[in-house]
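Let me begin by presenting the structure, written as structure tokens, before commenting on it.
Fair warning: this is a prediction, and the values are worked out from it, not measured in the lab. All values below come from the heavy atoms of this structure, side chains included, with hydrogens, waters and symmetry mates left out.
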Amino acid sequence: QVQLDESGGGLVQAGGSLRLSCVVSGSSSGTYNMGWFRQAPGKEREIVAAISWHGGNTYYADFVKGRFTISRDNAKNSVYLFMNNLDPEDTAVYYCAARGGLVLAINDFEYWGQGTQVTVSS
């Protein structure tokens with residue numbers, strides 16, 4: 001059973017930064033593609049970024065390109081989302097997700113964390 005635990009959310013002013021962390025337990029995180037998703041009130045969940053199992057390939061949604069960076073440390077079974085220049089539109093619950101596979105994927109994630117709230121004030 002794979003478990004994902006997010007942390008690092010909080011309240012930040014517009015233009016500020018946050019780092020989200022996700023620890024994977026129950027299996028080797030090195031064999032999973034990892035992704036960050038978000039869901040704002042009244043909106044559908046959307047992908048923010050994804051990273052391949054080896055970390056060499058990444059994907060970013062257009063609305064975060066140049067502001068967010070996804071990375072992973074397989075030795076620590078962790079994946080991170082560095083968020084810079086945050087905007088009130090980034091306010092949402094952010095979820096960490098994992099799926100098997102050797103090729104970078106941005107859908108059909110199998111495992112999900114509970115989410116961490118990010119609130120950006122104007």
I need the minimum non-hydrogen distance between Cys96 and Met34, along with the two atoms involved.
SG-CE, 3.6 Å
Using a distance-only test with no angle check, is there a side-chain donor-acceptor pair under 3.5 angstrom linking Asn84 and Ser17?
yes
I'd like to check Ser121 versus Leu11 (side-chain heavy atoms, cut-off strictly below 4.5 Å). Are they in contact?
yes
Would you name the heavy atoms of Glu6 and Trp36 that are closest together and state the gap between them?
CG-CZ3, 3.9 Å
Check the hydrophobic clustering (I, L, V, M, F, W, Y; side-chain heavy atoms under 4.5 Å; chains of links allowed) and say if Phe109 and Tyr111 are grouped together.
no
Shared hydrophobic cluster, Phe63 / Ile51 (ILVMFWY, side-chain heavy atoms < 4.5 Å):
yes
Could you tabulate the donor-acceptor pairs under 3.5 Å formed by side-chain atoms of residues 37-48, not counting sequence neighbours?
from, atom 1, to, atom 2, distance (Å)
Arg38, NE, Glu46, OE2, 2.9
Arg38, NH1, Asp90, OD1, 2.9
Arg38, NH1, Tyr94, OH, 3.0
Arg38, NH2, Glu46, OE2, 3.4
Gln39, NE2, Lys43, O, 3.1

Between CG of Asn77 and OG of Ser25, what distance do you get to the nearest 0.5 Å?
8.0 Å
Donor-acceptor pair, Asn33 side chain versus Val103 backbone, under 3.5 Å?
yes
Give me the other members of the hydrophobic cluster that Val23 sits in, counting Ile, Leu, Val, Met, Phe, Trp and Tyr linked by side-chain heavy atoms under 4.5 Å, directly or via other members.
none
Can Val118 be reached from Val79 by stepping across I, L, V, M, F, W or Y side chains whose heavy atoms are under 4.5 Å apart?
yes
Does Arg72 reach the main-chain N or O of Ser52 with its side chain, forming a donor-acceptor pair under 3.5 Å?
yes
Counting only heavy atoms not in Gln117, do more than 12 sit closer than 6.0 Å to its CD atom?
yes
Check for me, please, whether Phe82 and Tyr95 land in the same ILVMFWY cluster - side-chain distances under 4.5 Å, paths through other members count.
no
Closest heavy-atom pair, Tyr60 versus Ala49, reported as atoms and distance to 0.1 Å, is CD2-CB, 3.7 Å
Minimum heavy-atom separation for Glu89 to Asp87, with atom names?
N-OD1, 2.8 Å
Would you find a donor on one side and an acceptor on the other, under 3.5 Å apart, between the side chain of Asp73 and the backbone of Ser78?
no
Determine yes or no for a side-chain-to-main-chain donor-acceptor pair under 3.5 angstrom, with Thr91 supplying the side chain and Thr119 the backbone.
no
Give me the atom names and distance for the closest heavy-atom approach of Tyr80 to Ser21.
CD2-OG, 3.4 Å
Counting only N and O atoms by type, is there a donor-acceptor contact under 3.5 Å from the side chain of Asn74 to the main-chain atoms of Trp53?
yes
Check against side chain to side chain contact (heavy atoms under 4.5 Å, CB included), Leu86 and Leu18:
CA-CA 8 Å; Leu86 284 160; Leu18 282 175; 4.2 Å; yes
Taking every heavy atom of Arg99 against every heavy atom of Asn107, the minimum-distance pair comes out as NH1-O, 2.9 Å
